[in-house]
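Worksheet: one structure, shown below.
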Protein chains: 2
Amino acid sequence: MGSYAPGEAAERSGFSLDTLRYYERIGLLTSVRRTAGGQRVFTDDDLSWLGILRCLRDTGMPIARMCRYAELSRGGEETMPERLALLAEHDRAVERQIARLRAQQEHIREKIRYYRTHAV
Amino acid sequence: MGSYAPGEAAERSGFSLDTLRYYERIGLLTSVRRTAGGQRVFTDDDLSWLGILRCLRDTGMPIARMCRYAELSRGGEETMPERLALLAEHDRAVERQIARLRAQQEHIREKIRYYRTHAV
DNA sequence: CTGGTACCTGGAGCGCGCTCCAGGTCAAGC
DNA sequence: GCTTGACCTGGAGCGCGCTCCAGGTACCAG
């Protein structure tokens, strides 16, 4: 616990090394320390931030929006309302996404039932 | 009812004209008739096929897989089992997708609750 | 000290699913 | 007949989110 080499961070977070470097470049990941020689060192905090990113990413948040969230998180307490608003809005987006998936899934199931009864 | 100009087909299906032409190029849409002058004419059947494509697309099926489905649909009765299998597999994929969304949504909601109680 | 592997950087490239463009054709209304 | 707008084709380009590469450096094991 406490500090992880890049390879281990990749493994634990589920992001590739290239993706971790990419996220750093675009400002999604800013707090990663370095050794004297310039190698990255990830902390538990970094990993938990990556956990949040994974969660937002997997639920379809565009990277630009994640960057906005990251920016707010770097800001102080006064960004709390906006962070909250952003997450709440995303929560609603996920809800809509699930509802649409369910509806479309129902159509697929009808199609399947149709095949089951009309074929063979 | 029965035949639609490209613009109307686009409007009714929700796909852009360019997307309709693209789907035709890659073989997702093969039955569209033409006027003597070469303009497309869409039928109700075309529109209902487009409805299926929209459904598969919106639930995240890759285009290559939709092409496979289209190919099977052009085949005879004997492709029924494979079509059925393809749809059933996709249904399971959608189910997994929804489950993952729900799980991640729960994390987001925890985060929101955290902000609500700790901030302001 | 040496070897080997893990890591570094900047920048180019990729795969998907469209989207746009140039330059021309078709067709309905006046 | 003429205009006007919708449509045609082949092919290039784009936006996203990575992914790969070349050429070089760091660090640990023996």
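Each chain gets a letter, A, B and so on, in the order the sequences are listed, and its residues count up from 1. The structure displayed is predicted, hence computed values, not measured ones.
- Of the N and O atoms on the side chains of B:Q105 and B:R102, at least one donor lies less than 3.5 Å from an acceptor on the other residue.
- Salt bridge present: A:E24 and A:R34 bring a charged side-chain N and a carboxylate O closer than 4.0 Å.
- Counted by atom type alone, A:S31 and A:D45 present zero donor-acceptor pairs between their side chains at under 3.5 Å.
- Counting non-hydrogen atoms under 4.0 angstrom, B:R25 reaches a base of the nucleic acid.
- A donor-acceptor pair shorter than 3.5 Å cannot be found between the side chains of B:Y69 and B:R83.
- A cation-pi arrangement, defined by a distance under 6.0 Å to the six-membered ring centre and an angle within 45 degrees of its axis, is present between A:R54 and A:F15.
- B:R21 comes within 4.0 angstrom of a base, heavy atoms only.
- Between A:F42 and B:Y23, the residue anchored nearer the 5' end of DNA chain C, judged by the nucleotide with its closest heavy atom, is A:F42.
- When heavy atoms are screened at a 4.0 angstrom cut-off, B:R57 is found touching the sugar-phosphate backbone but no base atom.
- Rounding to whole angstrom units, OH of residue A:Y22 and P of C:dC8 are separated by 18 Å.
- Per the geometry, CG belonging to A:L20 stands 16 Å off P belonging to C:dA6, to the nearest Å.
- For the helix from C:dC1-D:dG30 to C:dC30-D:dG1, the terminal axes (five pairs an end, C1' atoms, rotation from four pairs onto the next four) enclose an angle of 10°, given to 10 degrees.
- Contacts of B:A36 with the nucleic acid, taken as non-hydrogen atoms under 4.0 Å apart, are absent.
- Within 6.0 Å of CZ in A:R33 there are 12 or fewer heavy atoms belonging to other residues, nucleotides or ligands.
- Counting 5' to 3', DNA chain D first comes under 4.0 angstrom of a heavy atom of chain B and last does so at the ends given by D:dC7 to D:dG11.
- Of the N and O atoms on the side chains of A:Q104 and A:H107, at least one donor lies less than 3.5 Å from an acceptor on the other residue.
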